[in-house]
Amino acid sequence: MNLIQWIDFKILGDDRGRLVALEMDNAVPFKIKRVYYIYGTAENVGRGYHAHKELLQVAICVSGRCRMIMDDGVTREEVWLDSPSKGLWIDRMVWHEMHDFSADCVLLVLASDRYDEADYIRRHEDFLAELIR
Ligand code: TYD
């Protein structure tokens, strides 16, 4: 599996600037039940460090940039998120970490379900154990 999968959004641009519209089942291949965003991240802070059992997500850096590490238990890949017109697919059972947030970074995340702590795997060794179950 290729861990880094982008969704390219259509940019509705004109001489006033740009606009991106995201519709469930269209630009985003699931019903969006939750939107959250991370901003004002302090220097040298890493976030994430978890995988989800079922949740599907698309992460979009609408301002600034940050570095995402994706890990499926076999391969670990990293990528910079720095474009408001591209979404990074975060599949279920993919360990992910975000690092190196720029001061102006706003990371918007579309999620297929509401917040549920029971869906989180927050220890990497538990994540690896779950993969071989
Ligand atoms: P957390 O998932 O730990 O952030 P990250 O792993 O991305 O660094 O979330 C931080 C806190 O916010 C935690 O107490 C759970 C809460 N939270 C919600 O209540 N709803 C949400 O949608 C999210 C993502 C987090």
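The first residue of the sequence shown is numbered 1, and numbering continues consecutively from there. Fair warning: this is a prediction, and the values are worked out from it, not measured in the lab. As the structure lists them, so they are numbered: ligands from 1, and atoms in each ligand from 1.
With sequence neighbours excluded, the residues that form a side-chain contact (heavy atoms from CB on, under 4.5 Å) with Ala59 are Met68, Leu81, Ile90, Leu107, Val109.
A side-chain donor-acceptor contact under 3.5 Å links Asp119 to the backbone of Glu54.
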Any protein N or O within less than 3.5 Å of an N or O in ligand 1? List each pair with its distance, or say none.
unit_1, atom_1, unit_2, atom_2, d
ligand 1, 2 (O), Tyr120, OH, 3.0
ligand 1, 2 (O), Arg122, NH2, 3.2
ligand 1, 3 (O), Arg122, NH1, 3.3
ligand 1, 3 (O), Arg122, NH2, 3.3
ligand 1, 4 (O), Arg47, NH2, 3.1
ligand 1, 6 (O), Gly48, O, 3.2
ligand 1, 6 (O), His50, ND1, 3.1
ligand 1, 8 (O), Arg47, NE, 2.9
ligand 1, 8 (O), Arg47, NH2, 3.2
ligand 1, 8 (O), Gly48, N, 3.2
ligand 1, 22 (O), Arg34, NH1, 2.5

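Within the hydrophobic cluster formed by Ile, Leu, Val, Met, Phe, Trp and Tyr side chains joined at under 4.5 Å, directly or through other members, Ile7 is accompanied by Phe9, Ile11, Val20, Leu22, Met24, Val28, Phe30, Ile32, Val35, Tyr37, Tyr39, Leu56, Val58, Ile60, Val62, Trp89, Val106, Leu108, Leu110.
Listed by first and then second residue, the salt bridge (Lys or Arg N to Asp or Glu O under 4.0 Å) pairs that reach into residues 58-68 are Arg67-Glu78, Arg67-Asp100, sequence neighbours excluded.
Side-chain contact of Asp71 with His124: a donor-acceptor pair under 3.5 Å is present, judged by distance alone.
In this structure, Arg34 does not pair ionically with Asp113, as no charged nitrogen and carboxylate oxygen lie closer than 4.0 Å.
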